[in-house]
Amino acid sequence: QVQLVESGGGLVQPGGSLRLSCAASERTFSRSYMGWFRQAPGKELDLVAAISWSGVNTYYAEFVKGRFTISRDNATNTVYLQMNSLKPDDTAVYYCATDRPQRFTNTLGLGLRDYAYWGQGTQVTVSS
C-alpha cells in the first residue's frame with residue numbers, strides 16, 4: 001500500500017526555521033520524483049519544491065527560493081524540506097507527494113497532475 005507520512009510541522013516565529021520530513025514506504029519511493037506542496041486557508045494548492053529521484057534536478061517556487069532546500073535520502077526513503085527565514089505567508093498545510101516509477105531518474109514533476117500519491121499533510125504556522 002502506498003504511504004507517505006509527513007512530520008516536523010509546528011509553530012515557529014518569523015525568521016525561524018523548520019525541517020519537514022516525509023517518510024515513504026519503499027514501494028512508494030521507488031524511482032520517482034518527490035514534491036512538497038502547500039495550501040494556505042482559502043488559497044490554492046501550490047508546488048513549493050520538487051526533486052528528481054536521482055537528486056540531480058530540483059525545482060523551487062519563486063516565493064521560497066533562497067530560503068527552502070529540498071533533499072532526499074533514497075537509502076531511508078525520506079525526503080526533507082529545510083525551511084529557513086520563515087515568514088507569516090509561509091503558514092499553510094504542507095504535503096509531500098510522489099508519482100509512479102519514472103523511466104528517467106532526472107525527471108521532475110511540476111504540476112498537480114504529475115503526482116499520484118499524497119501524504120496527509122503537516123501544519124506549519126509562522127507567527128509571533
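Quick caveat, the model's predicted, so the values are computed rather than measured.
Counting only residues at least two apart or in different chains, disulfide (SG to SG under 2.5 Å) contacts with residues 59-119 comprise Cys22-Cys96. Residue pairs that meet the disulfide (SG to SG under 2.5 Å) test with at least one member in residues 52-95, sequence neighbours left out, do not exist here. The stretch residues 46-94 participates, sequence neighbours left out, in no disulfide (SG to SG under 2.5 Å) pair at all.
Phe63 and Leu108 end up in different hydrophobic clusters when Ile, Leu, Val, Met, Phe, Trp and Tyr side chains are linked at under 4.5 Å. Grouping the Ile, Leu, Val, Met, Phe, Trp and Tyr side chains by contacts below 4.5 angstrom, directly or via other members, places Val79 apart from Tyr59. The hydrophobic cluster containing Ile51 does not contain Leu110, counting ILVMFWY residues as joined when their side-chain heavy atoms lie under 4.5 angstrom apart, directly or transitively.
Listed here is the closest heavy atom pair of Tyr33 and Ser52: CB-CA, 4.0 Å. Minimum interatomic distance between Ala50 and Gly109 (heavy atoms only, all atoms of both residues): CB-O, 3.8 Å.
Residues Pro101 and Ser32 are not in side-chain contact: their nearest non-hydrogen atoms beyond the backbone lie 4.5 Å or more apart. Counting heavy atoms from C-beta outward, Thr98 and Trp53 have side chains that stay 4.5 Å or more apart. A heavy-atom distance below 4.5 Å is not found between the side chains of Leu81 and Thr69. Taking the side chain as every heavy atom from C-beta outward, Met34 and Arg72 approach each other to under 4.5 Å. Under the 4.5 Å side-chain criterion, counting only non-hydrogen atoms from C-beta, Arg103 is not in contact with Arg31. Within the 4.5 Å cutoff, the side chain of Leu20 has heavy atoms near those of the Val124 side chain. Using a 4.5 Å heavy-atom cutoff, the side chains of Leu86 and Gln13 are not in contact. Within the 4.5 Å cutoff, the side chain of Tyr115 has heavy atoms near those of the Phe37 side chain.
Among Asp90, Val64, Ile70, the single residue meeting the side-chain contact (heavy atoms from CB on, under 4.5 Å) criterion with Val48 is Val64.
Note that OG of Ser54 and CG of Asn106 are 3.5 Å apart. Values are rounded to the nearest 0.5 Å. Atom CG of residue Leu112 and atom CG of residue Leu47 lie 8.0 Å apart, to the nearest 0.5 angstrom.
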Check against side-chain hydrogen bond (donor to acceptor under 3.5 Å, both in side chains), Asp99 and Tyr117: CA-CA 6 Å; Asp99 199 31; Tyr117 308 113; over 6 Å; no
Thr78/Asp73 under side-chain hydrogen bond (donor to acceptor under 3.5 Å, both in side chains): CA gap, chis, key distance, verdict: CA-CA 5 Å; Thr78 306; Asp73 183 347; over 6 Å; no
Test side-chain contact (heavy atoms from CB on, under 4.5 Å) applied to Ser17 and Gln82, step by step: CA-CA 8 Å; Ser17 298; Gln82 178 67 43; 4.0 Å; yes
Tyr95/Leu45 under side-chain contact (heavy atoms from CB on, under 4.5 Å): CA gap, chis, key distance, verdict: CA-CA 9 Å; Tyr95 301 89; Leu45 190 62; 3.9 Å; yes
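Taking the side chain to side chain contact (heavy atoms under 4.5 Å, CB included) definition, one finds that Ser127 meets it with Leu11, Thr125, sequence neighbours left out. Gln120 is linked by a side chain to side chain contact (heavy atoms under 4.5 Å, CB included) to Glu6, counting only residues two or more places apart in sequence or in another chain. Take Ala92 and apply the side chain to side chain contact (heavy atoms under 4.5 Å, CB included) test, not counting sequence neighbours, and it matches Arg38, Ala40, Tyr94.
Arg19 forms a cation-pi arrangement with Tyr80, by the criterion of a distance under 6.0 Å to the ring centre and an angle within 45° of the ring axis.
Between Trp36 and Phe68, the distance from one ring center to the other does not fall under 6.0 angstrom.
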